[in-house]
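Model, not experiment: these values are computed from the prediction.
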Amino acid sequence: MSVGQVVGGIAGAVVGFFAGGGPQGALVGAQLGMGVGGMVDPPKGPHIYGPKLTDLTTQTSTYGATIPRIKGTFPVTGNVFWLENNQLKETENTQKQGKGGGGSETTTFTYSATFAVGLADCRMDGPIAGVRRIWLGANLIYDIGSSDIHAMIASAEAAGNFKIYYGDDTQLPDPRMQAALGVANTPAYRGLAYIVFYDLPLKDYQNSLIGAQVKVELASSATMSDVASTVIVSDTSVVSSSGVTVLANTIPTWASIYGASWIWDVAAQTNGTADKHLTFTKQFTPVGAAVSLEVACDNTVDIYFNGNLVGSASDWASVATFDLSRYVISGVNTLSFRCTNIWESSLPPSSLGNPAGLIFKITMAATSIIEMYSVPLSTVVSSECLQSKLLTASDIDVTALTSMVRGYAISSVAAIRSGFDPLIGAWPFDVIQSGYKIVFKPRGGSSVVTIPAAKLDARSASSQPGVQITNAREMDSVLPSKVAVKYLDSDREYNINEQYAERLNTQSINVSAVDLAMVLSADEAAQKAEILLYLYWLERDDVSFHLPPEYNYLEPSDVTTITAPDAAYELRLTQINCTPDGRLECQAKYNSAAVYTSSAVGGTGTAPEQTLTIPGPTQYELLDTPLMNDVFDTAGFPVAMSGYLAGWPGGILMRSDDDGQVWNQIQGFSRPGSLMGYVFNSLSAHSGLSIDKASVLSVTVNQPLSSVTELQMLNGANHFACGMDGRWEIIAAQNCVLQADGSYILTDLLRGRFGSEWATGLHAANDHLVLLNTANLQFIASNLNVIGMARSYRGITTGKTLDSDSDRTMTYQGVNLKCLSPVYLNGNRHPTTRDWTLTWIRRTRKGGELRDLVDAPLSEVSEAYSIDVFTDGTYLTVKRTLAATAPTVVYSSANQVADFGSNQVTLYVKIYQLSATTGRGYPLITRITR
């Protein structure tokens with residue numbers, strides 16, 4: 001029988017007797033008292049362990065597993081108690097390999113799962129306040145404890161893939177479980193906090209639930225920090241311009257759209273000839289889980305957000321809406337509205353029929369942040385006592401327990417006392433009976449009484465004098481020289497960590513390992529290790545003595561001071577037995593209040609704290625461009641891929657050859673991907689024969705640019721594809737100057753590189769720009785028979801589903817296989833026959849760099865040309881097509897007369913070099929007069 005049972009039995013008997021029950025009441029009271037005492041202080045025998053660190057660090061799927069009770073903020077791996085259809089969902093993926101996907105096929109299988117994980121028992125303490133963070137394996141996927149905008153948006157997106165049930169008394173069954181099990185067979189699991197994951201992809205977790213270990217940071221109580229919905233409306237400030245007069249005005253009749261000011265930039269009309277632009281910029285710091293933009297404008301306005309073109313608007317009568325969440329960055333974000341090719345006027349805007357203006361509204365959705373919450377030790381202890389249903393709040397006194405507990409969990413079925421053991425180790429306190437209450441009293445208090453040494457040998461009048469005080473001392477070799485405390489580290493994503501305290505001036509080599517199944521910081525754990533080490537050595541002595549009845553008000557846990565001739569000794573009473581003659585038999589330990597206070601500093605190490613980032617969408621370009629590398633002299637085209645945001649993890653190019661019925665994975669791309677962006681202004685036509693010193697290109701890109709020397713540029717540095725599909729020009733830039741708004745100005749340009757001079761005059765604002773760095777481009781091999789066929793593509797961010805992107809249709813024209821246009825047409829008319837003899841110089845697609853005594857390679861199977869002769873300089877009507885196998889052809893006088901009715905002084909011709917695979921190349925379009 002334990003001390004708790006003895007004390008409880010005595011107290012119960014006294015209460016039962018004086019409550020009117022007499023002897024029978026005393027018997028019943030004794031039984032109840034012994035039961036309560038046994039729960040608080042179980043009988044000695046097999047050692048009862050408290051919760052272990054390993055109880056909640058490994059996910060299980062066990063029938064009858066213990067459901068933990070959570071205090072404060074605590075991580076739980078939980079118990080998988082339902083798996084849809086009792087199996088993983090299998091998906092078959094077939095990937096074609098080889099040119100154009102015409103080679104072998106590889107079939108792989110991926111798996112997903114819909115399952116439920118039990119987290120916490122909420123029947124006694126009520127529903128949990130919320131889930132703060134969620135990890136799958138080692139990856140953080142959900143974090144609403146962070147004020148970072150990326151974490152908010154990523155968490156809101158992740159929350160669509162699971163549902164949290166908080167364990168309240170009104171929660172309903174999960175619909176997915178009802179669909180699988182039947183409505184009548186699906187309980188609501190009220191009183192159980194659990195989470196259901198829907199179709200969770202297991203590719204990143206070894207395609208098994210074992211790899212997808214779910215760790216959930218639960219908050220039994222929480223402090224919620226709400227971020228309110230924020231609205232920013234347009235004003236008339238921060239307007240910048242380029243070569244135009246800036247005007248501002250408010251149009252009250254249109255202000256009713258949002259109740260905000262209309263921004264009048266300049267008077268403009270779309271048919272203006274001045275190539276000028278105006279930009280309105282708004283900078284703001286996003287908050288909330290979503291950011292959206294609504295715009296109404298007059299004249300066409302292009303909208304950029306953090307350098308990314310998100311769309312255009314041109315209708316003042318309706319509102320265009322854009323989701324900016326995918327482009328958000330941490331900190332200050334920049335929203336720009338750009339109107340190009342505007343016509344300047346000094347007239348007031350209200351007097352013009354077609355002004356340039358806009359009005360906008362930015363909305364940032366409301367969200368809530370769960371902050372770290374510590375619960376009072378008194379709350380933890382009282383809730384566990386009340387869990388027994390034998391004690392009420394009036395039976396216990398926990399008011400002295402003022403320490404704060406970061407997080408604690410009861411994860412095993414055991415006596416109440418076993419749940420207190422780790423708490424007593426961390427915040428030493430005693431459990432005593434005081435009157436009719438069970439009192440929880442922290443150690444380290446001050447002395448309540450000073451007892452002279454003469455009072456110690458209390459004895460009956462007939463007894464002989466005895467020993468005043470007995471001191472049994474433990475040997476040094478038995479005591480630990482080191483105490484190591486293992487705990488869940490709050491700063492290391494709740495990984496198990498260890499702090500220790502060591503005593504060096506001892507011969508002992510023992511190490512005491514203490515598992516504290518609770519959440520601590522490194523400093524807190526180090527301090528507890530130091531306190532425990534000092535207590536081992538301080539309490540090595542067992543002190544016993546007798547006191548006279550005058551001290552019968554003393555209770556176990558009281559601190560007393562014994563004065564002796566040589567010194568004063570401070571003792572903490574651990575046990576008091578009353579003898580029949582009223583004397584007190586006392587057991588005690590040495591006490592020092594200073595031992596219970598520590599300022600030790602723990603070793604934190606490298607914290608693996610993760611921060612959620614938004615992967616964002618994938619941007620990509622299918623570059624049907626001229627041949628720039630001899631290695632790619634085959635059917636196919638380069639692809640550039642990157643992300644809009646820094647957190648982009650990589651992407652996959654998908655292709656469908658049957659209008660979206662079947663999608664094949666074509667090529668994977670790793671981060672950071674290619675340098676890509678947009679061009680604000682349009683370039684004018686250029687011959688490409690010299691460096692273009694006049695043109696200035698204003699661009700925004702997703703990665704830094706740098707200037708190079710002229711020699712480096714000529715050797716291939718800073719080469720770009722500029723334009724769009726069907727009109728890519730290959731350019732190079734020597735100077736790349738960063739501007740205050742993050743854009744770049746490119747000057748000293750090489751134009752029409754690799755035979756793309758035909759595209760120099762086809763540019764428009766918002767053209768795309770791609771750095772042609774072979775390290776980041778991937779060449780997608782194709783098949784000759786697909787040239788001219790339209791196929792659908794999607795760029796999918798790694799980890800995202802196929803429907804995260806929309807179709808983009810591209811028709812591969814085999815531009816890299818097309819012959820370049822001939823150059824330098826020359827010719828003469830025979831003075832007597834009037835026959836035309838035309839000559840030209842061919843160009844080559846590859847290997848065309850100047851080498852001594854080496855002609856440019858033909859690069860084709862055979863040399864052949866096709867020459868169209870046109871009626872006039874409109875180049876619309878073909879009179880005759882000539883063929884040649886060398887760079888010369890004769891247009892006879894007879895053919896001229898047949899075609900035109902007379903010999904021609906001037907010829908209008910298009911000359912093509914022919915390819916066996918793509919037919920006619922790019923033409924030399926010119927006229928010749930002789």
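- One N or O on the side chain of H150 and one on the backbone of V328 form a donor-acceptor pair closer than 3.5 Å.
- Here the side chain of N333 pairs a donor or acceptor atom with the backbone of G331 at under 3.5 angstrom.
- Under the 3.5 Å distance criterion, the side-chain polar atoms of Y744 are matched with a main-chain donor or acceptor of L705.
- Counting all heavy atoms, side chain and backbone alike, A790 lies closest to T809 at CB-CG2, 3.7 Å.
- Side chains of F162 and V117 form no contact here, defined as non-hydrogen atoms less than 4.5 Å apart.
- Looking only at distances, a side-chain donor or acceptor of T797 sits under 3.5 Å from a matching main-chain atom of G616.
- A distance of 9.0 Å separates CG of L202 from OG1 of T110, quoted to the nearest 0.5 Å.
- Proximity of L612 to D148: side-chain heavy atoms (C-beta onward) are nowhere separated by under 4.5 Å.
- Taking every heavy atom of both residues into account, S656 and G660 meet most closely at OG-N, 2.7 Å.
- Without hydrogens or angle criteria, S756 side chain to A759 main chain gives no donor-acceptor distance under 3.5 Å.
- Within the 4.5 Å cutoff, the side chain of F637 has no heavy atoms near those of the L623 side chain.
- No more than 12 heavy-atom neighbours from other residues, nucleotides or ligands sit within 6.0 angstrom of CD1 on I210.
- Note on K800 versus D805: no salt bridge recorded, every NZ/NE/NH1/NH2 to OD/OE distance being 4.0 Å or above.
- The one candidate from D657, D807, D624 that meets the salt bridge (Lys or Arg N to Asp or Glu O under 4.0 Å) condition with R791 is D657.
- Taking CZ of F669 as the reference point, atom CH2 of W648 lies at 8.0 Å (rounded to 0.5 Å).
- At distances below 3.5 Å, at least one donor-acceptor pair connects side-chain atoms of Q739 with backbone N or O atoms of V737.
- Looking at N306, its side chain does come within 3.5 Å of a backbone N or O of Y327 through a donor-acceptor pair.
- M676 has its side chain out of reach of H768: every pair of non-hydrogen atoms, C-beta onward, lies at least 4.5 Å apart.
- Heavy-atom minimum distance, L802 versus W663: CD2-CD1, 3.3 Å.
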Can you list the steps and then say if I303 with L309 is a side chain to side chain contact (heavy atoms under 4.5 Å, CB included)? CA-CA 6 Å; I303 303 166; L309 178 64; 5.8 Å; no

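- In this structure, the separation between CG on L697 and CG on N735 is 12.5 Å, given to the nearest 0.5 Å.
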Stepwise, does the side chain to side chain contact (heavy atoms under 4.5 Å, CB included) test hold for M810 with E621? CA-CA 10 Å; M810 182 261 203; E621 292 293 346; over 6 Å; no

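- Between the side chains of N495 and D489, no donor N or O sits under 3.5 Å from an acceptor N or O.
- Counting heavy atoms from C-beta on, the side chains of V679 and N681 come closer than 4.5 Å.
- Using modelled atom types, one finds no donor on one side chain facing an acceptor on the other under 3.5 Å when comparing Q619 with S642.
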Go through the steps for E217 and M372 under the test side chain to side chain contact (heavy atoms under 4.5 Å, CB included), then give the verdict. CA-CA 10 Å; E217 182 185 30; M372 290 287 289; 3.5 Å; yes

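- A heavy-atom distance below 4.5 Å is not found between the side chains of R655 and Q667.
- In terms of modelled atom types and a separation under 3.5 Å, the side chain of E493 and the main chain of S490 share no donor-acceptor contact.
- Aromatic ring pairs are classed by plane angle as parallel below 30°, tilted from 30° to 60° and perpendicular above 60°; the pair F197 and F115 is parallel.
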Please step through side chain to side chain contact (heavy atoms under 4.5 Å, CB included) for the pair I370 and V131, ending with a clear verdict. CA-CA 8 Å; I370 298 181; V131 169; 6.0 Å; no

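- Here the shortest heavy-atom pairing between V770 and A640 reads CG1-CB, 3.5 Å.
- Taking CD1 of I731 as the start and CZ of R753 as the end, the distance is 11.5 Å to the nearest 0.5 Å.
- Here the side chains of T334 and D741 are not in contact, with every heavy-atom distance at 4.5 Å or above.
- Here the straight-line distance linking atom OH of Y304 with atom OG of S312 works out to 7.5 Å at 0.5 Å rounding.
- The two residues Q665 and I652 have their closest heavy-atom pair at CG-CG2, 3.3 Å.
- Looking only at atom types and distance, the side chain of S155 has no donor-acceptor partner in the side chain of D143 under 3.5 Å away.
- In this structure, CZ on F779 lies 5.5 Å from CG on N816, to the nearest 0.5 angstrom.
- Under 3.5 Å, the side chains of S743 and T700 contain no donor-acceptor pair of N or O atoms.
- Side chain of Y620 to backbone of Y793: a donor-acceptor contact under 3.5 angstrom is found.
- Contact record, A732 with M713: CB-CG, 3.7 Å, taken as the closest heavy-atom pair.
- The closest side-chain donor-acceptor pair between D523 and S521, if any, does not fall under 3.5 angstrom.
- Within the 4.5 Å cutoff, the side chain of I329 has heavy atoms near those of the L645 side chain.
- No donor-acceptor distance shorter than 3.5 angstrom exists from the side chain of T91 to the backbone of Y111, with no hydrogens or angles considered.
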